[in-house]
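Chain letters run A, B, ... following the sequence lines, proteins first, then strands; residues in each count from 1.
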There are 2 protein chains.
Amino acid sequence: MGRPKEFDVDEALCAALEVFWRHGYEGASLSDLTDAMGITRPSLYATYGNKEELFRKVLDRYEQSHLCFVADALAEPTARRAIERLLKGYADVLTDPMHPPGCLGVNSGVACGEAGSTIRDELVARRSLSERTLRERLDKAAADGELPPEEDPADWARYVMAVGLGMAVKASSGADRAELHRVADLALRALPSTCSAL
Amino acid sequence: MGRPKEFDVDEALCAALEVFWRHGYEGASLSDLTDAMGITRPSLYATYGNKEELFRKVLDRYEQSHLCFVADALAEPTARRAIERLLKGYADVLTDPMHPPGCLGVNSGVACGEAGSTIRDELVARRSLSERTLRERLDKAAADGELPPEEDPADWARYVMAVGLGMAVKASSGADRAELHRVADLALRALPSTCSAL
DNA sequence: GGCTCACTATATCGATCGGTACAAAACCTC
DNA sequence: GAGGTTTTGTACCGATCGATATAGTGAGCC
């Protein structure tokens, strides 16, 4: 019962994603958002809560629709293949002309004012979780003998994450897909030879 | 003639640097700045112009007082030593507990609203200049035979920059000095063996 | 001492920020 | 249709944004 919504909740969320992606969390104003989403301010609050909750919903959608390649990458049989697919897939997302350049999480969470500190913490936590997931994959590689015992999986996970984050900043600055793929190729050269043998 | 200033221009600039470094360009409000600088709003405008000009002055000071190690690093006799000193020195600055974590330029320039777009462009240009300077150092390495002819100095410069930028994001997220040094160590492993021989 | 000049402080500017109160409009059930 | 419920559009809230007008204050010069 009651009056039905005149807009598609998921479609509007997608429009909000575009705005947050381009301008970051604090850089995106409610006017920017409502304009892009094609809805009015009260509709936004009634449907998504407030700006912060909307951003969290956008984040979830972003991860499951643009970062979904991560799970497949980690499922690759070798650590080298996994890391390569991780970095190349990330490079593709960061420079896809269909979307704003760079990474939503990095664009929104590097620095902020007082208002965005909780969002910043949330993004730090999500990145930390990603690194942990990668480390666990590399733990497995170490157990399989793919990573020599003198190598620390945590160090390698941190290194791969750092390269990815750096690619994200470079993408925001205008780097294109080919450039980031070359970055990934050079980054892969650091892997121990026992990794590249497979 | 006239009434003398009651504050030290350079000291106040240093306080402004701290605020911008911590909160980014847009995240730092004029109230944050004047409070930290210990001066009133009209004094700020009379002395530094406006927020944007103040930030540019802060940027210049930042580069010459915290990024001054770059010139020394590039002057190292070998490319490997240069890159190592570049990354290690950068890691030290990013995690120096005397200052806010991360890089002023990265914290301020990844994403922004409408107001900060000219600042963003400026920061992109400065990073581009840094990468160009590094590439020219690697051109020399290639000419010296230190870098094999099949290796592209531009690719290596881009890779090193990406690693540095990634370390900056990780530092903003709480990574410490030792962690970033290990990232740098792994990044250095990618270098061709002809580089590491020296 | 008077004068000039640069700096300081208060108070405020219009614009925009995130967030809502209110009432008209559109749908359902009965 | 009538009543109840939800969404919509408008208009607005207090707070804060960057930026100033204006008046008062303190120093050097004649």
A.B. asks: So, OP1 or OP2 of C:dT8: does either fall under 4.0 Å of a side-chain N or O from B:T40?
C.D. replies: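 No, outside the criterion.
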A.B. asks: Classify the side-chain pair B:R120/A:S173 by whether it contains a donor and acceptor separated by less than 3.5 Å.
C.D. replies: no
A.B. asks: Any residue in residues 23-30 of chain A with a heavy atom nearer than 4.0 angstrom to DNA chain C? Just list them by number, or reply none.
C.D. replies: A:A28, A:S29, A:L30
A.B. asks: In whole angstrom, give the distance that lies between atom OH of A:Y45 and atom P of C:dA21.
C.D. replies: 12 Å
A.B. asks: In plain terms, say whether B:K140 and B:E136 are close enough for a salt bridge, that is, a side-chain N and a carboxylate O under 4.0 Å apart.
C.D. replies: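 Looking at B:K140 and B:E136, the cut-off is not met.
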A.B. asks: Salt-bridge test for B:R158 and B:D155: reply yes if a basic N is under 4.0 Å from a carboxylate O, no otherwise.
C.D. replies: yes
A.B. asks: Measure CZ/A:R41 against P/C:dT16 and give the value in whole Å, please.
C.D. replies: 12 Å
A.B. asks: Between A:R189 and B:E151 (salt bridge meaning N to carboxylate O under 4.0 Å), is one present in this structure?
C.D. replies: yes
A.B. asks: Using chain A heavy atoms and a threshold of under 4.0 Å, write down where along DNA chain D the contacts begin and end, 5' to 3'.
C.D. replies: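 Counting from the 5' end, contacts occupy D:dT5 to D:dT10.
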A.B. asks: Starting from P on C:dA15, measure out to CD on B:E114 and report it in whole angstrom.
C.D. replies: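 For the pair B:E114 CD and C:dA15 P, the rounded distance is 17 Å.
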A.B. asks: Measure the distance from CG on A:D32 to C1' on C:dG18 and round it to the nearest whole Å.
C.D. replies: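 It is 13 Å, rounded to the nearest whole Å.
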A.B. asks: Are the charged groups of B:D10 and B:R61 less than 4.0 angstrom apart, N to O?
C.D. replies: yes
A.B. asks: Distance check needed: C:dA24 C1' versus A:R3 CZ, whole Å only.
C.D. replies: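 Roughly 9 Å, once rounded to whole Å.
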A.B. asks: Under a 4.0 Å threshold between the charged nitrogen and the carboxylate oxygen, would B:R135 count as salt-bridged to B:E131?
C.D. replies: no
A.B. asks: Rounded to whole angstroms, how far apart are CE on B:M37 and P on C:dT8?
C.D. replies: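 Taking CE of B:M37 and P of C:dT8, I get 11 Å after rounding.
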A.B. asks: Take atom CG of A:L54 and atom P of C:dG19, then tell me their distance rounded to the nearest Å.
C.D. replies: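 Between P of C:dG19 and CG of A:L54: 10 Å.
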A.B. asks: Exactly one of A:V19, A:L13, A:V9, A:L54 should register a side-chain contact (heavy atoms from CB on, under 4.5 Å) with A:M37. Which one does?
C.D. replies: A:L54
A.B. asks: Touch check for A:P42, heavy atoms < 4.0 angstrom, all strands: base, sugar-phosphate only, or nothing?
C.D. replies: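 Base contact.
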A.B. asks: Flag the pair B:E63 and B:R126 as a salt bridge only when some basic side-chain nitrogen lies within less than 4.0 angstrom of an acidic carboxylate oxygen.
C.D. replies: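 Counted as a salt bridge, because a side-chain N and a carboxylate O are separated by less than 4.0 Å.
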A.B. asks: Is a salt bridge present between A:D92 and A:K88, judged by a nitrogen-to-oxygen distance below 4.0 Å?
C.D. replies: no
A.B. asks: What is the distance, rounded to the nearest whole Å, between atom NZ of A:K51 and atom C1' of C:dG18?
C.D. replies: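 That distance rounds to 8 Å.
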